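We count ligands from 1, going down the list as the structure has it; atoms in each ligand are counted the same way. Owing to the predicted nature of the structure, the values given are computational and were not obtained by experimental measurement.
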Amino acid sequence: MLDGMTGVDRRTFLAVSAVVAGTAASAGIAHAAEAPVFAHGVASGDPLPDGILLWTRVVTDESVRWEVARDESFEHVVARGRTRTGAHRDHTVKVEVSGLRRATRYWYRFRVDDVVSPVGRTRTAPAGDCPSVRFGVVSCANWMAGHFVPYGYLADRDDLDAVIHLGDYIYPHYDPKVRDAEPKHEIITLADYRTRHALYKTDPHLQRLHAAHPMIATWDDNESADNSSAVGALGHDPATEGPWAVRLAAATRAYFEWMPIREGIMFRRLRYGSLCDLTMLDLRSYRTPETIMGARQRDWLIRGICDDSARWRLIGTSVMFSPLAIPPAPGFPSVNTDQWDGFPTDRELVVRALDRKGMKNAVFLTGDIHSSWAVDVPDGSALKSVATEYITTSITSDNFDEFLNVPPRTGSLALEAAIIAKNPHVRFVELDSHGVSTLDITPDEVRMDWFYTSDRTDPNATIRKAHSWRTRYGTARVEPVLF
Ligand SMILES: [Fe+2]
(Lines give C-alpha, C1' and ligand atoms only; values in the text may rest on other atoms or scores of the structure.)
Protein backbone atom coordinates (compact mmCIF):
# COMPACT_ATOMS: atom_id res chain seq x y z
CA MET A 1 0.00 0.00 0.00
CA LEU A 2 2.69 2.49 1.01
CA ASP A 3 5.33 3.11 -1.59
CA GLY A 4 8.23 3.50 0.80
CA MET A 5 9.28 7.04 -0.07
CA THR A 6 12.12 8.31 2.08
CA GLY A 7 11.66 11.31 4.31
CA VAL A 8 13.47 13.52 1.80
CA ASP A 9 11.38 12.17 -1.10
CA ARG A 10 8.30 12.86 0.93
CA ARG A 11 9.23 16.43 1.75
CA THR A 12 10.10 17.11 -1.88
CA PHE A 13 6.87 15.55 -3.06
CA LEU A 14 4.82 17.59 -0.61
CA ALA A 15 6.63 20.79 -1.50
CA VAL A 16 6.01 20.22 -5.20
CA SER A 17 2.40 19.26 -4.52
CA ALA A 18 1.85 22.36 -2.44
CA VAL A 19 3.29 24.60 -5.14
CA VAL A 20 1.25 22.95 -7.85
CA ALA A 21 -1.90 22.92 -5.75
CA GLY A 22 -1.39 26.59 -5.01
CA THR A 23 -1.06 27.41 -8.69
CA ALA A 24 -3.65 25.13 -10.20
CA ALA A 25 -4.40 27.78 -12.80
CA SER A 26 -0.84 27.85 -14.06
CA ALA A 27 -0.75 24.03 -14.07
CA GLY A 28 -3.85 24.24 -16.24
CA ILE A 29 -2.15 26.66 -18.59
CA ALA A 30 0.88 24.36 -18.84
CA HIS A 31 -1.44 21.63 -20.09
CA ALA A 32 -3.75 23.91 -22.02
CA ALA A 33 -3.12 22.08 -25.26
CA GLU A 34 -4.11 18.74 -23.71
CA ALA A 35 -7.14 17.52 -21.79
CA PRO A 36 -6.79 18.32 -18.08
CA VAL A 37 -5.30 15.33 -16.25
CA PHE A 38 -8.02 15.25 -13.57
CA ALA A 39 -11.05 16.45 -15.56
CA HIS A 40 -13.46 14.11 -13.76
CA GLY A 41 -12.77 15.08 -10.18
CA VAL A 42 -12.16 12.82 -7.21
CA ALA A 43 -14.46 10.65 -5.13
CA SER A 44 -14.51 8.30 -2.17
CA GLY A 45 -16.91 5.56 -1.17
CA ASP A 46 -18.03 2.65 0.99
CA PRO A 47 -16.55 3.83 4.32
CA LEU A 48 -15.28 1.25 6.78
CA PRO A 49 -14.17 1.97 10.37
CA ASP A 50 -10.55 1.65 9.27
CA GLY A 51 -10.65 2.28 5.54
CA ILE A 52 -12.07 4.04 2.53
CA LEU A 53 -12.13 3.59 -1.23
CA LEU A 54 -10.67 6.47 -3.27
CA TRP A 55 -11.46 7.16 -6.93
CA THR A 56 -10.28 9.39 -9.71
CA ARG A 57 -9.77 9.28 -13.44
CA VAL A 58 -6.74 10.40 -15.43
CA VAL A 59 -6.17 10.92 -19.12
CA THR A 60 -2.87 9.08 -19.20
CA ASP A 61 -1.50 5.60 -18.59
CA GLU A 62 0.93 7.00 -16.07
CA SER A 63 1.54 5.86 -12.60
CA VAL A 64 -0.72 7.76 -10.23
CA ARG A 65 0.32 8.75 -6.71
CA TRP A 66 -2.17 9.28 -3.92
CA GLU A 67 -2.04 10.49 -0.37
CA VAL A 68 -4.39 10.77 2.58
CA ALA A 69 -3.95 13.37 5.32
CA ARG A 70 -5.53 14.38 8.61
CA ASP A 71 -5.65 18.01 7.48
CA GLU A 72 -6.64 19.94 4.42
CA SER A 73 -3.14 21.31 3.86
CA PHE A 74 -1.61 17.81 3.92
CA GLU A 75 0.83 18.54 6.72
CA HIS A 76 -0.11 15.31 8.49
CA VAL A 77 -0.09 12.64 5.80
CA VAL A 78 -1.12 9.25 7.20
CA ALA A 79 -1.08 7.06 4.08
CA ARG A 80 0.29 7.30 0.58
CA GLY A 81 1.09 5.08 -2.33
CA ARG A 82 1.02 4.72 -6.05
CA THR A 83 -1.01 2.73 -8.52
CA ARG A 84 -1.34 2.38 -12.28
CA THR A 85 -4.26 2.54 -14.63
CA GLY A 86 -4.79 2.31 -18.35
CA ALA A 87 -7.18 1.93 -21.24
CA HIS A 88 -8.28 -1.51 -19.97
CA ARG A 89 -10.27 0.32 -17.25
CA ASP A 90 -10.86 3.59 -19.07
CA HIS A 91 -8.09 5.24 -17.04
CA THR A 92 -10.14 5.17 -13.88
CA VAL A 93 -8.24 4.78 -10.62
CA LYS A 94 -9.33 3.06 -7.43
CA VAL A 95 -7.35 2.83 -4.23
CA GLU A 96 -8.35 0.83 -1.16
CA VAL A 97 -6.90 2.69 1.83
CA SER A 98 -6.69 0.88 5.16
CA GLY A 99 -5.22 1.52 8.59
CA LEU A 100 -7.30 4.67 9.19
CA ARG A 101 -9.01 5.79 12.40
CA ARG A 102 -12.73 5.29 12.84
CA ALA A 103 -15.26 8.14 12.58
CA THR A 104 -12.54 10.48 11.36
CA ARG A 105 -12.42 13.08 8.62
CA TYR A 106 -9.59 12.79 6.10
CA TRP A 107 -8.46 14.67 3.00
CA TYR A 108 -7.00 13.00 -0.08
CA ARG A 109 -5.53 13.88 -3.45
CA PHE A 110 -3.80 12.28 -6.43
CA ARG A 111 -0.82 13.29 -8.52
CA VAL A 112 0.46 12.48 -12.00
CA ASP A 113 3.93 13.92 -12.58
CA ASP A 114 3.64 17.48 -11.34
CA VAL A 115 -0.11 17.78 -11.76
CA VAL A 116 -2.13 17.53 -8.54
CA SER A 117 -5.81 16.62 -8.45
CA PRO A 118 -8.49 18.59 -6.63
CA VAL A 119 -8.54 17.75 -2.91
CA GLY A 120 -11.27 15.43 -1.69
CA ARG A 121 -12.67 15.15 1.84
CA THR A 122 -14.00 11.93 3.29
CA ARG A 123 -14.93 10.24 6.54
CA THR A 124 -14.49 6.75 7.93
CA ALA A 125 -17.37 4.89 9.57
CA PRO A 126 -17.73 4.70 13.35
CA ALA A 127 -17.33 1.47 15.30
CA GLY A 128 -18.89 0.49 18.60
CA ASP A 129 -21.03 3.08 20.37
CA CYS A 130 -22.08 5.96 18.18
CA PRO A 131 -24.56 8.66 19.26
CA SER A 132 -25.74 9.76 15.81
CA VAL A 133 -25.20 9.44 12.08
CA ARG A 134 -26.43 11.70 9.28
CA PHE A 135 -26.59 10.63 5.64
CA GLY A 136 -27.55 12.46 2.47
CA VAL A 137 -30.01 10.38 0.42
CA VAL A 138 -30.31 10.90 -3.35
CA SER A 139 -31.55 9.30 -6.56
CA CYS A 140 -32.51 9.91 -10.18
CA ALA A 141 -30.32 12.56 -11.75
CA ASN A 142 -31.15 13.11 -15.40
CA TRP A 143 -28.43 15.37 -16.82
CA MET A 144 -30.58 16.45 -19.75
CA ALA A 145 -33.59 17.41 -17.59
CA GLY A 146 -31.89 20.05 -15.44
CA HIS A 147 -29.08 21.20 -13.20
CA PHE A 148 -27.77 19.19 -10.27
CA VAL A 149 -28.16 22.07 -7.80
CA PRO A 150 -29.51 19.69 -5.09
CA TYR A 151 -26.23 17.73 -5.25
CA GLY A 152 -24.45 21.04 -4.71
CA TYR A 153 -26.61 21.72 -1.65
CA LEU A 154 -25.44 18.45 -0.05
CA ALA A 155 -21.85 19.24 -1.07
CA ASP A 156 -22.09 22.47 0.94
CA ARG A 157 -23.24 20.62 4.07
CA ASP A 158 -20.34 19.71 6.31
CA ASP A 159 -22.41 17.60 8.70
CA LEU A 160 -22.92 14.42 6.65
CA ASP A 161 -21.23 11.08 7.32
CA ALA A 162 -21.86 9.88 3.76
CA VAL A 163 -24.27 10.19 0.84
CA ILE A 164 -26.43 7.19 -0.07
CA HIS A 165 -27.17 7.00 -3.81
CA LEU A 166 -30.18 4.80 -4.56
CA GLY A 167 -29.76 4.61 -8.30
CA ASP A 168 -30.38 6.28 -11.65
CA TYR A 169 -27.03 8.01 -11.26
CA ILE A 170 -27.01 8.26 -15.07
CA TYR A 171 -29.73 7.96 -17.70
CA PRO A 172 -29.18 6.06 -20.94
CA HIS A 173 -31.33 7.88 -23.49
CA TYR A 174 -30.69 11.06 -25.46
CA ASP A 175 -33.34 13.72 -24.87
CA PRO A 176 -31.60 17.07 -24.28
CA LYS A 177 -34.44 19.18 -22.85
CA VAL A 178 -32.35 21.47 -20.65
CA ARG A 179 -28.72 20.39 -21.19
CA ASP A 180 -27.08 18.69 -24.14
CA ALA A 181 -25.32 15.38 -23.48
CA GLU A 182 -22.75 12.97 -24.86
CA PRO A 183 -23.04 10.69 -26.67
CA LYS A 184 -25.92 12.10 -28.73
CA HIS A 185 -27.82 8.83 -28.88
CA GLU A 186 -29.03 6.06 -26.56
CA ILE A 187 -26.00 4.48 -24.89
CA ILE A 188 -25.53 0.82 -25.84
CA THR A 189 -21.84 -0.07 -26.18
CA LEU A 190 -19.11 -0.02 -23.54
CA ALA A 191 -17.69 3.12 -25.18
CA ASP A 192 -21.15 4.75 -24.95
CA TYR A 193 -21.57 3.95 -21.24
CA ARG A 194 -18.06 5.20 -20.48
CA THR A 195 -18.74 8.44 -22.38
CA ARG A 196 -22.00 9.07 -20.49
CA HIS A 197 -20.36 8.37 -17.12
CA ALA A 198 -17.50 10.70 -18.08
CA LEU A 199 -19.99 13.43 -18.95
CA TYR A 200 -21.67 13.13 -15.54
CA LYS A 201 -18.35 13.33 -13.76
CA THR A 202 -17.78 16.79 -15.32
CA ASP A 203 -20.89 18.27 -13.65
CA PRO A 204 -19.70 20.92 -11.18
CA HIS A 205 -22.29 20.12 -8.49
CA LEU A 206 -21.72 16.37 -8.71
CA GLN A 207 -17.94 16.88 -8.65
CA ARG A 208 -18.30 18.97 -5.50
CA LEU A 209 -20.56 16.36 -3.90
CA HIS A 210 -18.05 13.58 -4.51
CA ALA A 211 -15.19 15.76 -3.24
CA ALA A 212 -17.11 16.60 -0.05
CA HIS A 213 -18.50 13.24 1.16
CA PRO A 214 -18.01 9.52 0.66
CA MET A 215 -20.77 7.94 -1.42
CA ILE A 216 -22.51 4.60 -0.81
CA ALA A 217 -24.14 3.76 -4.13
CA THR A 218 -26.24 1.08 -5.71
CA TRP A 219 -27.74 1.15 -9.14
CA ASP A 220 -31.23 1.00 -10.56
CA ASP A 221 -32.38 0.41 -14.11
CA ASN A 222 -31.19 3.54 -15.89
CA GLU A 223 -27.51 2.76 -15.34
CA SER A 224 -28.18 0.05 -17.96
CA ALA A 225 -31.58 0.54 -19.67
CA ASP A 226 -35.16 1.42 -18.72
CA ASN A 227 -36.84 -1.29 -16.57
CA SER A 228 -33.87 -3.63 -16.83
CA SER A 229 -33.34 -7.10 -15.42
CA ALA A 230 -30.87 -9.94 -15.85
CA VAL A 231 -32.80 -11.19 -18.86
CA GLY A 232 -33.81 -8.04 -20.75
CA ALA A 233 -35.15 -4.51 -20.48
CA LEU A 234 -38.15 -2.52 -21.60
CA GLY A 235 -35.65 0.00 -22.97
CA HIS A 236 -33.75 -2.57 -25.03
CA ASP A 237 -34.63 -4.04 -28.41
CA PRO A 238 -32.42 -7.04 -29.26
CA ALA A 239 -33.44 -6.78 -32.92
CA THR A 240 -31.77 -3.39 -33.32
CA GLU A 241 -29.53 -3.09 -30.26
CA GLY A 242 -27.92 -6.53 -30.08
CA PRO A 243 -27.89 -9.14 -27.32
CA TRP A 244 -29.02 -7.81 -23.91
CA ALA A 245 -26.30 -9.76 -22.10
CA VAL A 246 -23.62 -7.86 -24.01
CA ARG A 247 -25.21 -4.49 -23.21
CA LEU A 248 -25.74 -5.33 -19.52
CA ALA A 249 -22.11 -6.47 -19.24
CA ALA A 250 -20.97 -3.16 -20.76
CA ALA A 251 -23.19 -1.16 -18.39
CA THR A 252 -21.97 -3.14 -15.38
CA ARG A 253 -18.33 -2.76 -16.32
CA ALA A 254 -18.59 1.00 -16.90
CA TYR A 255 -20.48 1.43 -13.59
CA PHE A 256 -17.80 -0.37 -11.62
CA GLU A 257 -15.06 1.59 -13.41
CA TRP A 258 -16.62 5.00 -12.88
CA MET A 259 -18.25 4.73 -9.44
CA PRO A 260 -16.49 4.84 -6.05
CA ILE A 261 -17.68 1.35 -5.21
CA ARG A 262 -15.80 -1.89 -4.52
CA GLU A 263 -15.90 -4.07 -7.61
CA GLY A 264 -17.56 -7.45 -7.85
CA ILE A 265 -20.83 -7.96 -6.00
CA MET A 266 -22.92 -4.83 -5.60
CA PHE A 267 -25.23 -5.98 -2.80
CA ARG A 268 -23.43 -5.45 0.47
CA ARG A 269 -23.78 -4.33 4.08
CA LEU A 270 -21.91 -1.48 5.74
CA ARG A 271 -21.89 -0.91 9.50
CA TYR A 272 -22.11 2.38 11.37
CA GLY A 273 -21.11 1.02 14.77
CA SER A 274 -23.83 -0.44 16.94
CA LEU A 275 -26.23 2.35 15.86
CA CYS A 276 -27.16 1.08 12.41
CA ASP A 277 -26.15 -1.01 9.51
CA LEU A 278 -26.88 -0.21 5.90
CA THR A 279 -27.82 -3.00 3.51
CA MET A 280 -27.53 -1.97 -0.13
CA LEU A 281 -29.48 -4.17 -2.52
CA ASP A 282 -28.85 -4.81 -6.22
CA LEU A 283 -32.32 -5.26 -7.70
CA ARG A 284 -31.33 -5.39 -11.38
CA SER A 285 -28.42 -7.81 -11.86
CA TYR A 286 -30.28 -10.93 -10.64
CA ARG A 287 -33.85 -9.98 -11.51
CA THR A 288 -35.90 -12.44 -13.57
CA PRO A 289 -39.67 -12.60 -14.06
CA GLU A 290 -39.85 -14.65 -10.82
CA THR A 291 -37.44 -12.88 -8.49
CA ILE A 292 -36.31 -9.30 -7.91
CA MET A 293 -33.23 -10.34 -5.92
CA GLY A 294 -32.15 -13.82 -6.96
CA ALA A 295 -31.88 -16.67 -4.46
CA ARG A 296 -28.40 -15.84 -3.18
CA GLN A 297 -29.12 -12.18 -2.43
CA ARG A 298 -32.51 -13.08 -0.93
CA ASP A 299 -31.00 -15.64 1.46
CA TRP A 300 -28.25 -13.18 2.39
CA LEU A 301 -30.79 -10.41 3.05
CA ILE A 302 -32.98 -12.63 5.22
CA ARG A 303 -30.01 -13.91 7.20
CA GLY A 304 -29.02 -10.27 7.76
CA ILE A 305 -32.50 -9.36 9.02
CA CYS A 306 -32.21 -12.13 11.60
CA ASP A 307 -28.93 -10.67 12.91
CA ASP A 308 -29.70 -8.05 15.57
CA SER A 309 -26.29 -6.57 16.26
CA ALA A 310 -27.31 -3.08 15.13
CA ARG A 311 -30.04 -0.97 16.73
CA TRP A 312 -31.40 0.23 13.38
CA ARG A 313 -31.41 -1.71 10.15
CA LEU A 314 -31.38 0.52 7.04
CA ILE A 315 -32.13 -1.19 3.73
CA GLY A 316 -31.32 0.69 0.51
CA THR A 317 -33.73 -0.56 -2.15
CA SER A 318 -33.68 1.22 -5.50
CA VAL A 319 -37.42 0.59 -6.04
CA MET A 320 -40.43 0.97 -3.71
CA PHE A 321 -40.82 -1.93 -1.27
CA SER A 322 -44.32 -1.28 0.09
CA PRO A 323 -47.41 -2.34 -1.83
CA LEU A 324 -49.06 0.44 -3.79
CA ALA A 325 -52.46 0.48 -5.45
CA ILE A 326 -52.28 3.27 -8.03
CA PRO A 327 -55.51 5.27 -8.47
CA PRO A 328 -56.72 5.77 -12.02
CA ALA A 329 -54.47 8.33 -13.73
CA PRO A 330 -53.70 8.84 -17.40
CA GLY A 331 -50.63 6.88 -18.48
CA PHE A 332 -50.30 4.87 -15.26
CA PRO A 333 -51.01 1.19 -14.63
CA SER A 334 -52.93 0.18 -11.49
CA VAL A 335 -49.81 -1.62 -10.22
CA ASN A 336 -46.16 -0.83 -10.98
CA THR A 337 -44.70 -4.28 -11.55
CA ASP A 338 -41.17 -2.84 -11.92
CA GLN A 339 -41.09 -2.31 -8.14
CA TRP A 340 -41.53 -4.96 -5.39
CA ASP A 341 -45.25 -5.17 -6.30
CA GLY A 342 -44.13 -7.26 -9.28
CA PHE A 343 -42.41 -9.77 -6.97
CA PRO A 344 -44.85 -10.61 -4.16
CA THR A 345 -43.10 -13.87 -3.21
CA ASP A 346 -39.75 -12.19 -2.56
CA ARG A 347 -41.45 -9.39 -0.63
CA GLU A 348 -43.49 -11.80 1.47
CA LEU A 349 -40.32 -13.64 2.52
CA VAL A 350 -38.73 -10.38 3.64
CA VAL A 351 -41.87 -9.17 5.43
CA ARG A 352 -42.23 -12.50 7.22
CA ALA A 353 -38.61 -12.37 8.36
CA LEU A 354 -39.13 -8.83 9.67
CA ASP A 355 -42.34 -9.87 11.41
CA ARG A 356 -40.80 -13.01 12.94
CA LYS A 357 -37.91 -10.99 14.24
CA GLY A 358 -40.38 -8.51 15.71
CA MET A 359 -37.73 -5.83 16.09
CA LYS A 360 -39.63 -3.10 14.23
CA ASN A 361 -36.29 -1.43 13.54
CA ALA A 362 -35.98 -1.80 9.76
CA VAL A 363 -36.16 1.31 7.58
CA PHE A 364 -36.28 1.04 3.81
CA LEU A 365 -34.62 3.85 1.84
CA THR A 366 -35.90 4.16 -1.70
CA GLY A 367 -35.56 6.18 -4.90
CA ASP A 368 -36.84 5.47 -8.42
CA ILE A 369 -40.29 7.08 -8.45
CA HIS A 370 -39.24 10.74 -8.53
CA SER A 371 -41.44 11.79 -5.63
CA SER A 372 -41.40 12.00 -1.81
CA TRP A 373 -43.07 9.41 0.43
CA ALA A 374 -43.24 8.26 4.06
CA VAL A 375 -44.84 4.84 4.43
CA ASP A 376 -45.68 2.28 7.13
CA VAL A 377 -44.68 -1.06 5.61
CA PRO A 378 -47.64 -3.39 6.20
CA ASP A 379 -47.44 -7.09 6.86
CA GLY A 380 -49.26 -9.39 4.44
CA SER A 381 -52.60 -8.88 6.18
CA ALA A 382 -52.18 -5.07 6.23
CA LEU A 383 -53.25 -5.22 9.88
CA LYS A 384 -49.94 -4.07 11.29
CA SER A 385 -46.73 -2.37 10.28
CA VAL A 386 -43.43 -4.28 10.30
CA ALA A 387 -41.05 -1.51 9.15
CA THR A 388 -41.08 1.97 7.62
CA GLU A 389 -40.07 3.25 4.20
CA TYR A 390 -38.81 6.68 3.17
CA ILE A 391 -38.59 7.62 -0.50
CA THR A 392 -36.39 10.45 -1.70
CA THR A 393 -37.39 12.41 -4.79
CA SER A 394 -35.43 12.89 -8.00
CA ILE A 395 -32.61 15.35 -8.44
CA THR A 396 -33.95 16.36 -11.85
CA SER A 397 -35.81 13.43 -13.47
CA ASP A 398 -39.42 14.07 -14.48
CA ASN A 399 -41.96 13.66 -11.73
CA PHE A 400 -45.69 13.50 -11.83
CA ASP A 401 -46.60 17.06 -12.80
CA GLU A 402 -44.18 16.73 -15.71
CA PHE A 403 -45.42 13.24 -16.65
CA LEU A 404 -49.04 14.35 -16.45
CA ASN A 405 -48.39 17.80 -17.86
CA VAL A 406 -50.33 19.47 -15.06
CA PRO A 407 -49.37 22.59 -13.08
CA PRO A 408 -47.09 21.81 -10.10
CA ARG A 409 -48.85 21.42 -6.73
CA THR A 410 -52.37 22.31 -7.85
CA GLY A 411 -52.39 19.64 -10.58
CA SER A 412 -51.27 16.72 -8.42
CA LEU A 413 -53.15 17.32 -5.16
CA ALA A 414 -56.13 15.20 -6.18
CA LEU A 415 -53.87 12.29 -7.14
CA GLU A 416 -51.94 12.55 -3.86
CA ALA A 417 -55.22 12.46 -1.90
CA ALA A 418 -56.42 9.48 -3.96
CA ILE A 419 -53.17 7.59 -3.30
CA ILE A 420 -53.51 8.05 0.46
CA ALA A 421 -57.21 7.13 0.39
CA LYS A 422 -56.45 3.92 -1.49
CA ASN A 423 -53.29 3.08 0.50
CA PRO A 424 -53.79 3.87 4.20
CA HIS A 425 -50.21 2.77 4.96
CA VAL A 426 -48.97 5.69 2.82
CA ARG A 427 -48.86 8.54 5.32
CA PHE A 428 -47.20 11.20 3.14
CA VAL A 429 -46.72 11.69 -0.59
CA GLU A 430 -45.62 14.73 -2.61
CA LEU A 431 -45.52 14.11 -6.34
CA ASP A 432 -44.05 17.26 -7.87
CA SER A 433 -40.81 18.48 -6.34
CA HIS A 434 -37.17 17.71 -7.11
CA GLY A 435 -34.42 17.65 -4.53
CA VAL A 436 -32.53 15.58 -1.98
CA SER A 437 -33.03 14.21 1.51
CA THR A 438 -31.05 13.83 4.68
CA LEU A 439 -31.48 10.97 7.14
CA ASP A 440 -30.71 11.48 10.83
CA ILE A 441 -30.22 8.38 12.96
CA THR A 442 -30.04 8.36 16.75
CA PRO A 443 -30.80 5.51 19.15
CA ASP A 444 -34.31 6.96 19.63
CA GLU A 445 -35.41 7.81 16.09
CA VAL A 446 -34.73 7.87 12.38
CA ARG A 447 -35.81 11.09 10.67
CA MET A 448 -35.92 12.01 6.99
CA ASP A 449 -35.92 15.64 5.86
CA TRP A 450 -36.75 16.52 2.26
CA PHE A 451 -35.08 19.55 0.62
CA TYR A 452 -36.59 20.88 -2.62
CA THR A 453 -35.09 22.92 -5.42
CA SER A 454 -36.94 26.02 -6.64
CA ASP A 455 -36.52 25.09 -10.32
CA ARG A 456 -34.63 22.18 -11.85
CA THR A 457 -33.97 24.19 -15.02
CA ASP A 458 -32.35 27.11 -13.14
CA PRO A 459 -28.58 26.80 -12.59
CA ASN A 460 -28.97 29.29 -9.72
CA ALA A 461 -31.95 27.58 -8.10
CA THR A 462 -32.43 27.82 -4.33
CA ILE A 463 -33.01 24.93 -1.94
CA ARG A 464 -35.50 24.89 0.94
CA LYS A 465 -36.36 22.37 3.62
CA ALA A 466 -39.88 21.19 2.82
CA HIS A 467 -40.92 18.15 4.89
CA SER A 468 -39.76 16.12 7.87
CA TRP A 469 -40.99 12.70 9.05
CA ARG A 470 -39.62 10.34 11.64
CA THR A 471 -39.86 6.81 13.04
CA ARG A 472 -39.51 6.39 16.78
CA TYR A 473 -37.60 3.29 17.82
CA GLY A 474 -39.73 0.19 18.13
CA THR A 475 -42.87 1.66 16.53
CA ALA A 476 -42.45 0.82 12.82
CA ARG A 477 -44.62 3.88 12.15
CA VAL A 478 -43.87 7.17 10.42
CA GLU A 479 -45.05 10.44 11.96
CA PRO A 480 -44.72 14.07 10.86
CA VAL A 481 -42.19 16.34 12.54
CA LEU A 482 -43.08 20.01 12.87
CA PHE A 483 -40.25 22.44 12.21
FE1 LIG B 1 -35.27 7.44 -12.07
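- For an aromatic pair to be called close, the ring centres must be under 6.0 Å apart, and His467 with Tyr452 satisfies this.
- Contacts of Arg253 classified as salt bridge (charged side-chain N to carboxylate O under 4.0 Å, His left out), with partners at least two apart in sequence or in another chain: Glu257.
- Under the side chain to side chain donor-acceptor pair (under 3.5 Å) criterion, Trp450 pairs with no residue at all, not counting sequence neighbours.
- Within the structure, no pair that satisfies the ring-ring contact (aromatic ring centres under 6.0 Å, His included) test touches residues 177-196, not counting sequence neighbours.
- In the model, Thr291 has no side-chain atom that pairs as donor or acceptor with a side-chain atom of Tyr286 under 3.5 Å.
- The main-chain N or O of Val478 is found under 3.5 Å from a side-chain atom of Arg427 such that the two form a donor-acceptor pair.
- Protein N/O/S atoms closer than 2.8 Å to the Fe ion (ligand 1), listed by chain and residue number, are Cys140 SG, Asp168 OD2, Tyr171 OH, His370 NE2.
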